[in-house]
Amino acid sequence: MSDTRFDPSTADGRWQLAWEQAGTFAADSNSDRPKSYVLEMFPYPSGRIHMGHVRNYTMGDVLARYKKMRGFEVLHPMGWDAFGMPAENAAMEKGVHPGGWTRDNIATMKSQLKRIGFALDWTREFATCDPEYYGHEQALFIDLYEAGLVYRKQAEVNWDPVDMTVLANEQVIDGKGWRSGAEVEKRKLNQWFLKITQFAEELLSGLYALKDWPEKVRLMQENWIGKSSGLEFSFELTNGDSLPVYTTRPDTIFGASFVAVAADHPLAQSVAAQNCDAAKFIDLCKKGGTTAAELETAEKLGFDTGIGVKHPFTGANLPVYIANFVLMDYGTGAIMAVPGHDQRDFDFATKYGLPIPRVVARSVEEANVPFACEAEAGDGVLVNSDFLDGMEVEDAKREVIARAEQGGWGQGQTVWRLRDWGVSRQRYWGTPIPFIHCDACGVVPVPKDQLPVTLPEDVDFKTPGNPLLRHPTWKHVDCPSCGGKAERETDTLDTFVDSSWYFLRFASQPDDQPFDRDEVAKWLPVEQYIGGIEHAILHLLYARFWTRALCHIGKLDFAEPFAALFTQGMVTHETYSRRENGRDVFYSPSEVDRTSHGATLMADGGTIDIGRVIKMSKSKKNVVDPDAIIDRFGADAVRWFMLSDSPPERDLPWSEAGIEGCGRFVQRLWRLFDQYDAGAEGEDKPLARKLHQTIAAMAGDIESLGFNKSVARIYELTGAAEKAAPSATRSEAIAALMRLTAPMMPHLAEEAWHRAGFPGLVSEADWPAHDPALLVEDEVTIAVQVKGKLRDTLTAPKGAAKEMLEEMALASAKVQRSLDGAEIRKVIVVPDRLVNIVI
RNA sequence: GCCUCUGUGGCGGAAUUGGUAGACGCGCUCGACUCAAAAUCGAGUUUCUUACGAAGUGCCGGUUCGAGUCCGGCCAGAGGUACCA
């Protein structure tokens with residue numbers, strides 16, 4: 001009974017050191033305990049840890065610590081997704097080397113993570129920019145090349161004609177380069193691709209086995225892969241050539257009123273060769289960015305080629321347009337346009353005055369109902385369609401495909417929305433693609449004994465463009481095949497490749513190969529993967545593909561890397577701004593004095609506008625630095641805040657009041673822990689029931705990552721223990737609370753455990769067991785409704801018979817008043833829950 | 001544009017998955033302690049109504065004895081949209 005305050009400034013570091021010295025969280029692959037691999041998405045070392053990281057890693061940490069207390073050998077590693085564009089941007093803006101900048105950031109962020117007390121196995125740490133990592137990645141890439149899963153083809157990039165450089169999509173703002181302001185052009189380059197489409201069917205069907213993934217992520221991936229069946233057929237051009245098109249709506253074939261091809265379709269190209277207006281139009285289509293969102297929302301534009309095609313059934317002549325909304329990458333790059341039943345075609349037809357026939361209606365009687373101002377893409381029956389009239393959409397699809405196949409002019413086709421994965425980046429700070437271009441031998445992989453192909457250190461970022469391309473010596477090498485003069489590939493790999501196998505490298509890190517197969521078999525798949533929902537499609541699909549590809553070439557024995565996935569929400573904060581000289585200037589929470597009435601700027605006392613609660617971001621300055629919060633409240637209060645209130649899959653609004661409340665709760669628990677008395681005697685039945693109910697419920701809460709629920713239970717048990725008189729039960733509850741809170745507030749729990757005189761570390765203690773016999777309540781509250789409205793409640797013994805409950809309900813004065821003598825038609829009794837009297 | 005998700009008091013949210021809406025926390029109000037403040041402890045806190053009571057889970061409609069939960073249609077916000085990670 002000495003210290004009345006818990007002092008995190010001394011305790012946090014003391015226990016962090018104790019865990020490190022004891023090697024508490026180093027995973028032992030020779031252990032005979034059951035294994036558990038808990039993994040959070042590793043961070044990009046952008047500078048400092050932000051609250052989003054803290055939230056993500058706290059969740060994983062609670063699970064990892066809990067699993068350890070439940071007797072598992074836990075692998076909980078950490079590393080760095082260290083290649084990427086921000087390092088090059090920093091190099092350009094600040095004149096630093098991307099490598100140095102990245103290493104500095106890693107050092108800072110690692111020390112920040114250590115201050116939070118995460119139960120991480122730091123012995124397995126690595127960064128993807130380590131040549132020891134990316135060299136193995138190069139070897140795997142060559143393996144995939146040799147297995148026929150890598151190829152090169154022409155693909156479009158965003159080209160900044162002023163900076164003479166390739167831009168990322170996020171660097172294109174309103175169709176203009178973010179630095180130069182120049183209008184961006186689409187330009188074709190020869191690039192490297194991975195054949196993810198070869199696995200489309202597997203990646204799709206594999207989703208159904210991922211029972212512990214969020215339904216929404218599986219749905220998003222399913223839609224992204226986009227399996228569709230339709231009809232591929234060829235139109236006969238008026239000049240005798242044929243034009244293959246693909247449609248997912250063959251049923252609407254009688255509604256086709258024109259045909260459209262992509263700007264880079266061979267037909268468009270050949271028209272442009274003879275018609276400079278067409279060529280101008282194609283140039284126009286090259287303006288602007290390459291993203292789907294831009295292409296889809298851009299105004300629909302077309303050019304009438306003057307060529308016609310013959311409709312396969314009606315023989316009618318349909319005009320052929322070059323259109324900016326047709327994608328060369330999907331289907332055949334040419335479509336039959338059915339304006340009545342596709343919104344894009346509708347917009348286009350409206351603009352160019354083309355007919356919009358109706359071929360699907362709600363009923364045959366509505367065959368000639370005009371369209372409102374939009375297309376009708378839904379179900380219905382076919383109309384104005386000759387032999388299809390009266391058929392349902394699905395039957396009509398089958399009928400048209402059958403007739404096309406019979407007639408030999410088309411066939412049913414499965415088409416995927418998924419495209420092959422373009423991995424070429426015309427940038428420095430990434431994994432060099434390990435190939436050599438030789439005039440005599442073509443593309444030759446770098447021999448594996450010459451890996452890694454390392455990045456040259458002496459590069460400059462004073463001019464835009466790829467430093468590898470303009471480096472004086474780096475790319476000049478002899479051909480490994482013929483020995484003649486040759487050049488290295490200067491593209492580097494997409495950083496999503498780096499993050500597609502890092503979880504294998506955490507399991508083992510041999511020098512001579514990417515991973516040790518036995519070690520990987522021991523630890524993988526990851527039991528629980530945790531990260532942001534923003535990675536639902538790309539990262540997670542690429543990692544699934546890469547794992548399957550390695551399985552396919554015999555390097556792995558499993559196809560799915562992540563058995564369970566959890567996607568957590570963002571940390572948000574309100575924004576503070578005011579108009580200054582005609583524009584909004586944002587201020588950080590640390591510069592603002594916020595009361596319950598409003599906010600003022602500390603510097604000059606001026607009024608500040610409180611904006612919406614949005615994701616913490618540097619540009620809006622609504623960020624809170626974890627270090628500053630730890631300085632004030634200690635690591636445990638921050639961890640507790642991250643777990644409190646908001647369900648983990650939802651956004652968490654940061655608030656000053658909230659963290660202060662967490663700081664107070666740490667002290668409140670400390671005071672309770674301080675009252676632990678090993679010698680107390682006597683039994684406290686209600687408290688025992690509460691304790692065992694809490695223990696039983698918390699296991700389920702933590703295993704389903706419902707941390708906010710376990711936090712609420714801790715509050716309830718704490719409240720009950722505080723109010724209870726000293727007893728053996730109360731001491732049991734306090735000791736149990738130390739263990740129940742250990743995964744969440746480990747520093748506080750260790751300190752209390754130690755002071756109470758328990759041996760060893762609470763981090764290595766067993767999770768408390770619950771006694772099922774103590775869970776059962778003997779009385780329940782029954783709701784009594786009249787016609788579904790609550791009129792009274794009554795207390796009944798648990799398991800009371802239906803007849804007894806009905807009798808008790810009818811005896812209630814309040815119920816009788818509501819009934820007011822009305823005739824009772826029915827009485828519904830749900831045992832232990834409610835009685836509903838229907839009149 | 002398209003795909004996916006979310007919407008409950010002043011705020012974050014809970015609700016045994018169709019059965020007492022608002023657990024728990026924050027904030028606020030009142031009280032105790034204190035010379036005073038902080039800390040701590042206790043009581044109260046969906047809205048309307050003096051009360052009886054009524055309304056209420058983004059909006060409109062439906063199914064049901066009973067809907068926050070299921071169905072249909074909207075609205076708003078968020079994430080993704082293939083070179084941000």
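Letters go in sequence order (proteins before strands), and every chain restarts at 1.
- Taking the side chain as every heavy atom from C-beta outward, A:Gln568 and A:Leu652 never approach each other to under 4.5 Å.
- OP1 and OP2 of B:A54 both lie 4.0 Å or more from every side-chain N or O belonging to A:Lys789.
- Judged by closest nucleotide on RNA chain B, A:Ala783 is the one of A:Ala783 and A:Ala712 placed further toward the 5' end.
- If you take atom P in B:G13 and the same atom in B:U17, they sit 23 Å apart, rounded to whole Å.
- Using atom P as the reference point in both B:U64 and B:C52, the two lie 34 Å apart (nearest Å).
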_Assess the residue pair A:Ile659 and A:Trp654 against the criterion (side-chain contact (heavy atoms from CB on, under 4.5 Å)); give the C-alpha distance rounded to whole Å, side-chain angles, the decisive distance to 0.1 Å, and a yes or no._
CA-CA 8 Å; A:Ile659 184 65; A:Trp654 179 269; 3.9 Å; yes

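- As judged by a 4.0 angstrom heavy-atom cut-off over every strand, A:Ser46 is placed among residues making no nucleic acid contact.
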*With the sugar-phosphate defined as primed atoms, P, OP1 and OP2, and the base as all remaining atoms, what B/S/- string results for nucleotides 79-85 of chain B, 5' to 3', for protein heavy atoms under 4.0 Å?*
BSBBBSB

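- Defined by atom type and a distance below 3.5 Å, a donor-acceptor pair is missing between the side-chain atoms of A:Thr575 and A:Asn622.
- Put simply, the side chain of A:Val624 reaches to within 4.5 Å of the side chain of A:His573, judged on heavy atoms.
- Between A:Asn223 and B:U4 there is a side-chain polar atom (N or O) within less than 4.0 angstrom of OP1 or OP2.
- To the nearest whole angstrom, the two C1' atoms, one in B:G42 and one in B:U46, are 23 Å apart.
- Across all strands shown, B:G66 forms no Watson-Crick or G-U wobble pair with both distances under 3.5 Å.
- The aromatic ring centres of A:Tyr134 and A:Phe83 sit less than 6.0 Å apart.
- For B:U40, the base is anti relative to its sugar; the glycosidic angle deviates from 0 by more than 90°.
- Other residues, nucleotides and ligands contribute only 12 or fewer heavy atoms inside 6.0 Å of the CZ atom of A:Arg362.
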*Determine, for nucleotides 12-17 of chain B in 5'-to-3' order, which nucleotides have protein heavy atoms under 4.0 Å from the base (write B), from only the sugar-phosphate (write S), or from neither (write -).*
BSSSB-

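- Ring-centre distance between A:Trp640 and A:Tyr715: below the 6.0 Å cut-off.
- Taking the six-membered ring for Trp and thresholds of 30 and 60 degrees, A:His539 and A:Tyr502 have ring planes inclined between 30 and 60 degrees apart.
- At the phosphate of B:G27, OP1 or OP2 sits under 4.0 Å from a side-chain N or O atom of A:Arg664.
- Within the shown strands, nothing qualifies as a pairing partner of B:A37 under the Watson-Crick or G-U definition with both distances less than 3.5 Å.
- At a threshold of 4.0 angstrom between heavy atoms, the contacts of A:Arg671 are confined to the sugar-phosphate backbone, with no base atom among them.
- Using a 4.5 Å cut-off on side-chain heavy atoms (C-beta onward), A:Phe6 and A:Asp636 make contact.
- With both pairing distances under 3.5 Å, B:C28 is matched to B:G44 as a Watson-Crick or G-U wobble pair.
- Taking 3.5 Å as the limit, the base of B:C65 and the side chain of A:Asn836 contain a donor-acceptor pair of atoms between them.
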